[in-house]
2 protein chains.
Amino acid sequence: MYTLSEENYLKSIYRLSQQPNFKITPTAIAESLKNNPASVVDMIRKLTDKQLIEYDKKKGVKLTPVGLKDAVLIVRRHRLWEVFLLEKLGYHWDEIHDIAEELEHISDASLADRLDKFLGFPEYDPHGDPIPKANGKVPKPYSVTLADLKTGDTCRVAAVKDTSSSFLQYLQKLDIGIGTNIKLLEKIPYDNSLVISISGKESTTVSQKFGENILVD
Amino acid sequence: MYTLSEENYLKSIYRLSQQPNFKITPTAIAESLKNNPASVVDMIRKLTDKQLIEYDKKKGVKLTPVGLKDAVLIVRRHRLWEVFLLEKLGYHWDEIHDIAEELEHISDASLADRLDKFLGFPEYDPHGDPIPKANGKVPKPYSVTLADLKTGDTCRVAAVKDTSSSFLQYLQKLDIGIGTNIKLLEKIPYDNSLVISISGKESTTVSQKFGENILVD
DNA sequence: ATATAAAATTAGATAAGACTAATTTTGTGT
DNA sequence: ACACAAAATTAGTCTTATCTAATTTTATAT
Ligand SMILES: [Mn+2]
Ligand SMILES: [Mn+2]
Ligand SMILES: [Mn+2]
Ligand SMILES: [Mn+2]
């Protein structure tokens, strides 16, 4: 159906489209794929010809209904494989993303659905991201971040925005995972650093960037 | 490490090398990969440069120790994924080969070993082919075919040589699978057709080609 | 409004892997 | 040894996807 590259572009565009009010430019796509804007311009032409995206200079890139449907199916496969790797093969949550990045491209009509069933129809992947359903419906993702809370608020970690191993390993070190309870003790006005209590334990200070990459419930 | 194409060539050369006294020529490789001899010549050069194979005009293509080791690891992944697809996801044995053909290329250092453990260290894949061990040792494959038997002999189906869906579906129709008992009732001298009894039931006639593609115990 | 910077695009190059068509080498039968 | 066929190889083309460098367009700041 699609080449590996086409699928990676579709997925990248989909991910960028999740950021509200964000204009999806060639540069943004290039950054997200760690490649060159010139290459992106080529692929934009190709995907436009295939009617998977529309490109308006003013509005940026937008997925067509067909492009969206297929992008969502790739995301579905990615997240299902992540669940498999963690739950069945015993990988840690900082190791699974790159492998799923390859597995998501395996094309077989019934593979995702069989995997879904085998895994017991999980709702969320190991990073807390919602797993699109077979019909293409995507459960609403979490949207409030730790950095959005007010002093004194308590929350449950629901998902992580950043899935890089450096971030995930840091979380591991802090004993934070999906489900961990966090209380915001103080917000440092100077640089918006956050003083938090993890699982009721003594306080720790984390950066604003850190807080913005944790989605809470 | 290797490109998709390189891996497919390595695996194809390995498979051909399993046929005793068979000279592995560019044409043979081309046939096995359903591509063009000219393309094969290019790849022979590439793999030779990488010291994965040696090519002697007289003796044909041969895997070097390194090439052999890596080819075996690809076969290991292929066969492990086939077990997974059949046992865990409920595919039938005629559907798994093509999917495993893609899955075998997923490159992660510990993936095959974790999958192996998850599956309970299976000895044989769903077609009866031995699964190479993590250390690269390959259990001895079955070698006697149904066509090798003498009239009156009884055997157990141990493996199938041909994994095409047309062959596997035919076997399914005849109620033959790994483990099925077959008795050779008669060999027709004219064209070596085989009259057999499957699981003790009434007799069926199959072709010589059919018999040569069933390995027995 | 104009200079400057940033972003987008074009032009041209490269690499992998496949193909077809032409040519050369090898093998076989007489 | 010679003729013919088959196999191997070379030459040249194509597609996909990437890059760098040059150019054009768009945005921003004074
Ligand atoms: Mn990917
Ligand atoms: Mn994830
Ligand atoms: Mn393959
Ligand atoms: Mn098999």
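In what follows, every chain begins at residue 1, and chains take the letters A, B, ... in the order their sequences are listed.
With B/D113 as the fixed residue, the salt bridge (Lys or Arg N to Asp or Glu O under 4.0 Å) test singles out one of B/R77, B/R76, B/K133: B/R76.
Salt bridge A/R79/A/E123: absent, no basic N to carboxylate O contact under 4.0 Å. Taking 4.0 Å as the cut-off between side-chain N and carboxylate O, A/K23 and A/D56 do not count as a salt-bridged pair.
With rounding to whole Å, B/L4 atom CG is found 16 Å from C/dA15 atom C1'. For A/E7 and D/dT16, the CD to C1' distance is 15 Å, given to the nearest whole Å. Atom-to-atom, CD of A/E31 to P of C/dA7 comes out at 8 Å; the value is rounded to the nearest Å. Atom CG in A/D56 sits about 12 Å away from atom P in D/dT26, given to the nearest Å. We find that CG of A/N8 is positioned 14 Å from C1' of D/dT16, with the value rounded to whole Å.
A close approach under 4.0 Å does occur between a side-chain nitrogen or oxygen of B/R45 and OP1 or OP2 of D/dT10.
Along DNA chain D, the nucleotide closest to A/K23 and the one closest to B/Y55 are compared, and the more 5′ of them pairs with B/Y55.
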Which nucleotides of nucleotides 18-25 of chain C have their base under 4.0 Å from a protein heavy atom (B), which only their sugar-phosphate (S), and which neither (-), written as one string 5' to 3'?
SBB----S
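Heavy-atom contacts from other residues, nucleotides or ligands closer than 6.0 Å to CD of B/E54 number 12 or fewer.
Between B/F84 and A/F118, the two ring planes are perpendicular [angle over 60°; tilted spans 30° to 60°].
Applying the salt bridge (charged side-chain N to carboxylate O under 4.0 Å, His left out) definition to pairs two or more places apart or across chains, those involving residues 207-217 of chain B are B/R156-B/D217.
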